[in-house]
Amino acid sequence: MTDEDLIAAAREAAGNSYSPYSNFAVGSALRFADGSVVTGTNIENASYGLALCAETVAVSKAMADGVRGGLEAVAVTGPGDAPITPCGRCRQVLNELAQLGGTDPLVLCVGPKEVRRVRLSELLPDAFGPASLD
C-alpha cells in the first residue's frame with residue numbers, strides 16, 4: 001500500500017466520524033510491516049472528556065486484534081486548511097505501539113493541499129514508553 005492509499009483510507013475513515021459537537025471529523029490509518037491497514041475515526045461523547053480520537057481508536061482496534069509491532073506509517077486527516085497532526089495523547093498512544101515493535105513510523109499529517117511527512121520521534125521527542133520501565 002502506498003502513502004497515497006494510506007491517506008485515502010484515512011479520509012474514508014473520517015467519513016464514519018461521530019462528531020456532532022465539534023463537527024471536526026478526523027480519520028486515521030495505520031500501516032504495518034505485513035501490509036495490513038487498520039483505520040479509526042474520532043468518536044465524540046456528550047461528556048466531552050470521554051471522546052475518542054481517531055488514532056486511539058485505530059491503535060485500540062489493532063491491539064484488540066493482537067497486533068503488537070511492525071507499525072510503519074500513520075496517516076491522519078481532518079477538516080481545515082492546514083495539515084492535521086496527532087494530539088499529544090495520540091502521539092503517546094502511537095509511541096507505545098511503535099516501541100513494542102522497535103519502529104519509528106512515518107506520520108503523514110494530511111491537509112487538503114499539503115501532506116507533511118514527519119517521524120513520530122520528531123513529534124514526540126524523548127518519549128516515555130515500555131523501554132523506560134526497564
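Side chains are part of it too, since the values below use all heavy atoms of this structure and drop only hydrogens, waters and symmetry mates. Residue indices begin at 1 and follow the sequence shown.
Closest of all the heavy-atom pairs between Ser28 and Ala58 is OG-CB, 4.4 Å. Nearest heavy-atom pair, Pro130 versus Gln99, reported as atom, atom and distance to 0.1 Å: CD-OE1, 3.0 Å. In terms of heavy-atom proximity, Ala51 sits nearest to Arg89 at O-NH1, 4.5 Å. Residues Ala73 and Pro105 approach most closely at N-CB, 4.0 Å, considering heavy atoms. Taking each heavy atom of Gly40 and Ala13 in turn, the nearest pair found is O-CB, 3.4 Å. Between Ala9 and Ala29, the shortest heavy-atom contact is CB-CB, 4.0 Å.
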Report the C-alpha separation of Val26 and Cys53 in whole Å, then their side-chain angles, then the decisive distance to 0.1 Å, and conclude whether the side-chain contact (heavy atoms from CB on, under 4.5 Å) test is met. CA-CA 8 Å; Val26 178; Cys53 297; over 6 Å; no
Criterion side-chain contact (heavy atoms from CB on, under 4.5 Å) on Val76 and Glu55, from CA distance to verdict: CA-CA 8 Å; Val76 183; Glu55 303 92 324; 3.4 Å; yes
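Taken together through direct or relayed side-chain contacts under 4.5 Å among Ile, Leu, Val, Met, Phe, Trp and Tyr, Met1 and Val110 form part of one hydrophobic cluster. No path of Ile, Leu, Val, Met, Phe, Trp and Tyr side chains, each step under 4.5 Å between heavy atoms, connects Phe128 with Val93, placing them in separate hydrophobic clusters. Hydrophobic clustering, with ILVMFWY side chains joined whenever heavy atoms are under 4.5 angstrom apart, groups Val74 together with Val67.
Atom CD of Gln92 and atom OG1 of Thr56 lie 10.5 Å apart (nearest 0.5 Å). To the nearest 0.5 angstrom, Leu94 atom CG is 6.0 Å from Leu120 atom CG. Note: Leu52 CG to Asn42 CG = 9.0 Å, rounded to the nearest 0.5 Å. Note: Cys109 SG to Leu123 CG = 5.5 Å, rounded to the nearest 0.5 Å. Note that CG of Asn95 and SG of Cys90 are 12.5 Å apart. Values are rounded to the nearest 0.5 Å. Distance check, rounded to the nearest 0.5 Å: CG of Leu100 to CE of Met63 gives 5.5 Å.
The ring pair (Phe, Tyr, Trp, His ring centres under 6.0 Å) pairs that include a residue from residues 71-122 number zero, where partners must be two or more places apart or lie in different chains. Among pairs with a residue in residues 65-103, none fulfils ring pair (Phe, Tyr, Trp, His ring centres under 6.0 Å), at least two apart in sequence or across chains. Within the structure, ring pair (Phe, Tyr, Trp, His ring centres under 6.0 Å) contacts touching residues 12-41 (residues at least two apart or in different chains) are Tyr21-Tyr48. Under the salt bridge (Lys or Arg N to Asp or Glu O under 4.0 Å) criterion, the residue pairs touching residues 22-49 are Asp3-Arg31, Arg31-Glu72, with sequence neighbours excluded. Residue pairs meeting the side-chain hydrogen bond (donor to acceptor under 3.5 Å, both in side chains) criterion with at least one member in residues 103-116, sequence neighbours excluded: Asp104-Ser121.
Side-chain atoms of Leu108 and Ile7, non-hydrogen and from C-beta on, do get closer than 4.5 Å to each other.
Within 6.0 Å of atom CG in Asp65, more than 12 heavy atoms from other residues, nucleotides or ligands are found, so the atom counts as buried in its surroundings. Around CD of Glu12, the count of heavy atoms belonging to other residues, nucleotides or ligands within 6.0 Å does not exceed 12.
Panel note: side chain Ser47, backbone Leu50; no donor-acceptor pair is recorded below 3.5 Å.
Shown are Leu6, Val59, Thr39, Val37; of these, the side-chain contact (heavy atoms from CB on, under 4.5 Å) with Leu30 is made only by Val59.
No side-chain N or O of Thr41 forms a donor-acceptor pair with one of Asn16 less than 3.5 Å apart.
Judged as a salt bridge (charged side-chain N to carboxylate O under 4.0 Å, His left out), and not counting sequence neighbours, the contacts of Glu4 are Arg117.
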